[in-house]
Amino acid sequence: MCHNSEMKHFSNARVAEILNEMAALSEMEGEAFKPRAYERAALSVEARTEPLAETLTTKGEKGLEEIPGIGKGIAAHLAELFATGDFAEHQRLRTKIPVNINELVAVEGIGPKTVKALWEKLKIKDLDALEKAARAGKLRDLPGFGARSEEKILKGIAFRRSAAGRLIIAAALPVARLLQQKIAAFPEVEKVEAAGSLRRMKETVGDLDFLVVSRTPTKTFKKIIAFPEVNAVLAAGDTKLSVRLELGIDMDIRAIPAASWGAALNYFTGSKTHNIALRARALKQGWSLNEYTLFPTEEALYKKLGLTYIEPELREMTGEIEMGEKGTLPSPIAYDALKGDLQSHSTWTDGARSIEEMAKAAHAAGLAYIGITDHTKGLAMTGGMNEQEFVEQAKEIDILNKKSKIKILKSAEVNIKKDGALDLADDALAKLDYAGASVHSHFDLSVKEQTRRLIRVCEHPLIDIIFHPTARILNKRPSITADWGEVFAAAKETGTVMEIDAAVERLDLHDELIKQAIGAGVLLSIGSDAHSPDGFAALRFGIAQARRGWAEAKHIINTRRVEEMLRLLKRNKKSTP
DNA sequence: GCCGTTTTCGGCCCGACTGTTTTCAGTCG
């Protein structure tokens, strides 16, 4: 039995990391099914809001077993982890191959088998050693490796490094909220807020910036230092505390007087270039703006500057000041504006839950309709469906729609082949309520080929939406390169909708391209890309990205009721003369 | 290692693509 006081601290994110490491380790062992089991468990843990430590304390191992993907085996491992700081099976496998697996497999194109070979033949443990070996041309001696593999790996490392130290917003936000709650609960604390890129809902954040109004700041700092989430103290003064979080990023906390809350919040929210422009504007008006200027609210600050209030997501110096001056800023889409979700998956392919369960979860998330967009046959890895299977799925959806509280739409995520052709026959596409298509391979075609490929999809009369258009994976795979001006022009011309995929590791389209697409007159959709009921929570991040791209509700088709949304789709429009 | 209104044991893992290969291993969502 473990008692709470003796329990080691592990956040859900950290547990998920360890489970993913177990997946890789058992993959190296040549296990066929265990890796998938560990991966599923990791996904499940990552998506959970309640800390596992709490589940374990209140409900014991049985409570852990209730989590989908966690059974007796993993529950026992986790109980051991929380009690002792590690578990025997993990230690046993790690001793065999003592390398930084998560760091290595994060490089695109490197998987567990490669990691194993790298360790056994070259004793490569981490990214630095891998880079050195690749530069020295040592990798090409390994079986199955050549000069091109080295090149590819070096490219992967470079991309990985350029992203290092930044967390995707979905990983940072829950921890920030938790820390905020804990600090807010201190009796001497009057106010606490997270500022910085997190408040601007940037796709990745490099650190957390907190502002706090406290009667006894040093006392507050002391208590923060004692948080289990804090790994090390970098600096601790009277007004500023800087710590390294277990999360892998730093956190700065600044104690400020309540009277300058607005100015400080504004200053520490950024962006830097936005702030510089505000300060220059103040100087022009004959006064000086800094974080200590006496503005209790941001609203008062913007008003004094002669600007309409500018939402944090818009503060990236892309014209917001000029428009704030003229009062022509867009009203960004509200966080509760979506009436439906247009991309989700079920057990028919790689989703974790049935259509019925996904529909129920979408309803619980406040949606009125949901599109089921399971994969097509070309993506065999996901169990992609053929034409006949779509017919069968349609029957199930018809039956569910008779009793479902929300409208379930028949759709598909059709795979786009190298040349822009699709892997599902037109007559199958015609039977759907709408169809989306997306790129899952051939990421590095030339700009010309990639552009032509996407335009060809736009020109298909039965593809209504292009899902995750750039195919990027945050911190892992760069966007495909295409002439987006040309692609958006074709989308506008053909009435093809571009998606903002809200999946936390995608956020695709991203802010800049969203703005460009809107400028080109293209309509957008926001899709959760949910593979489980938890997946709908991601919609929030898609909306944030839309706001950062200056999208208003009118630009996003699924802010409309289902009939109205469907009328906007290419397939339901009368052909223009 | 998980899961079960077809199963508490035997299913799960489907195939395209890449880079290296003369027949295949590894990655990917």
Side-chain angles (χ1 to χ4, degrees), chain A residues 19-20 22-45 64-78 87 89-90 93 104-118 139-153 155-156 343-354 356 373-386 389 413 415-419 421 423 438-445 467-468 471-474 476-477 501 503-506 508 529-532 535:
Chain A
L19 290 172
N20 273 323
M22 283 302 290
L25 285 166
S26 58
E27 183 106 49
M28 290 180 200
E29 293 284 286
E31 294 279 359
F33 304 106
K34 267 193 212 179
R36 300 294 90 72
Y38 275 114
E39 273 168 20
R40 271 198 305 275
L43 273 174
S44 197
V45 167
L64 295 182
E65 285 177 45
E66 282 168 21
I67 299 168
I70 295 185
K72 278 192 189 319
I74 293 180
H77 286 334
L78 295 185
F87 51 98
E89 181 67 1
H90 183 237
L93 294 174
L104 289 170
V105 298
V107 177
E108 201 202 354
I110 292 196
K113 297 287 169 63
T114 306
V115 171
K116 190 182 184 197
L118 290 170
L139 299 184
R140 65 189 72 182
D141 302 336
L142 296 176
F145 281 77
R148 295 200 59 179
S149 324
E150 278 172 356
E151 209 176 295
K152 211 179 142 194
I153 283 170
K155 257 170 107 176
Q343 199 200 153
S344 69
H345 298 264
S346 77
T347 44
W348 281 80
T349 58
D350 62 346
R353 294 288 183 271
S354 67
E356 183 172 14
T373 54
D374 275 313
H375 291 283
T376 50
K377 56 195 172 189
L379 221 56
M381 172 172 76
T382 64
M385 290 154 62
N386 61 28
E389 287 168 305
E413 179 177 3
N415 190 41
I416 301 173
K417 296 191 206 176
K418 184 179 178 184
D419 61 356
D423 72 340
S438 53
V439 165
H440 295 102
S441 60
H442 300 287
F443 302 118
D444 47 13
L445 299 181
F467 291 155
H468 54 74
R472 73 167 181 174
I473 304 291
L474 282 164
K476 176 136 188 181
R477 184 172 70 213
D501 190 308
V504 298
E505 74 287 357
R506 288 195 184 270
D508 177 12
D529 206 350
H531 284 69
S532 72

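Chain letters run A, B, ... following the sequence lines, proteins first, then strands; residues in each count from 1. This is a predicted model, so every value here is computed, not measured.
In this structure, the side chains of A:His442 and A:Ile416 stay at 4.5 Å or more apart for every pair of heavy atoms. The side-chain heavy atoms of A:Lys116 and A:Glu27, taken from C-beta on, include no pair separated by under 4.5 Å. Residues A:Glu413 and A:His440 are in side-chain contact: their nearest non-hydrogen atoms beyond the backbone lie under 4.5 Å apart. Using a 4.5 Å heavy-atom threshold, the side chains of A:Met22 and A:Phe87 count as touching. A:Asp529 has its side chain out of reach of A:Phe467: every pair of non-hydrogen atoms, C-beta onward, lies at least 4.5 Å apart. A:Leu104 is not listed as a side-chain neighbour of A:Thr114, based on a closest heavy-atom distance of 4.5 Å or more. With a 4.5 Å cut-off on side-chain heavy atoms, A:Tyr38 and A:Leu25 do not count as touching.
The number of heavy atoms from other shown groups lying within 6.0 Å of NZ (A:Lys476) is above 12. Counting heavy atoms of neighbouring residues, nucleotides and ligands inside a 6.0 Å radius, atom CZ of A:Arg140 exceeds 12 of them.
Using atom P as the reference point in both B:dT23 and B:dC28, the two lie 26 Å apart (nearest Å). Rounded to whole Å, the separation between the C1' atoms of B:dA16 and B:dG11 comes to 25 Å. Only the C1' atoms considered, B:dC12 is 24 Å distant from B:dC17, to the nearest whole Å. Taking atom C1' in both B:dG29 and B:dC14, one finds a spacing of 13 Å when rounded to whole Å. Comparing the same atom, C1', in B:dC13 and in B:dT20 gives a spacing of 23 Å after rounding to whole Å. Using atom C1' as the reference point in both B:dT5 and B:dG1, the two lie 24 Å apart (nearest Å). A gap of 23 Å separates the P atoms of B:dT6 and B:dC2, to the nearest Å. B:dC9 and B:dG15 are spaced 28 Å apart, taking the C1' atom of each and rounding to whole Å.
Of all nucleotides in DNA chain B having an atom under 4.0 Å from a heavy atom of chain A, the first and last in 5' to 3' order are B:dG1 to B:dG29.
Where A:Tyr38 and A:Lys476 meet DNA chain B, the nucleotide closest to each residue was compared, and A:Tyr38 sits on the side nearer the 5' end. Along DNA chain B, the nucleotide nearest to A:Pro68 and the one nearest to A:Arg506 differ in position, and the one closer to the 5' end is contacted by A:Pro68.
If you check every strand for non-hydrogen atoms under 4.0 Å, A:Lys418 touches nothing. A:Glu27 comes within 4.0 angstrom of no nucleic acid atom, judged by non-hydrogen atoms across all strands. Residue A:His468 is classed as having no contact, given no heavy-atom separation below 4.0 Å to the nucleic acid. The residue A:His531 sits apart from the nucleic acid: no heavy atom pair falls under 4.0 Å. Using a 4.0 Å heavy-atom cutoff across all strands shown, A:Ala23 reaches no nucleic acid atom at all.
For the segment residues 105-115 of chain A, residues with any heavy atom less than 4.0 angstrom from an atom of DNA chain B are, sorted by number, A:Glu108, A:Gly109, A:Ile110, A:Gly111, A:Pro112, A:Lys113, A:Thr114.
A:Asp374 and A:Thr349 are linked by a side-chain donor-acceptor pair at a separation below 3.5 angstrom, with hydrogens and angles left out of the test. Checking A:Thr376 against A:Asn415 by side-chain atom types alone, no donor-acceptor pair falls below 3.5 Å.
Annotated stems with DNA chain B as a participant read B:1-4 with B:9-12, B:15-19 with B:24-28, given as range with range, by first number; only runs of 3 or more Watson-Crick or G-U pairs under 3.5 Å qualify.
The pair A:Glu39-A:Arg36 meets the salt-bridge criterion, with a side-chain N (NZ, NE, NH1 or NH2) lying under 4.0 Å from an Asp/Glu carboxylate O.
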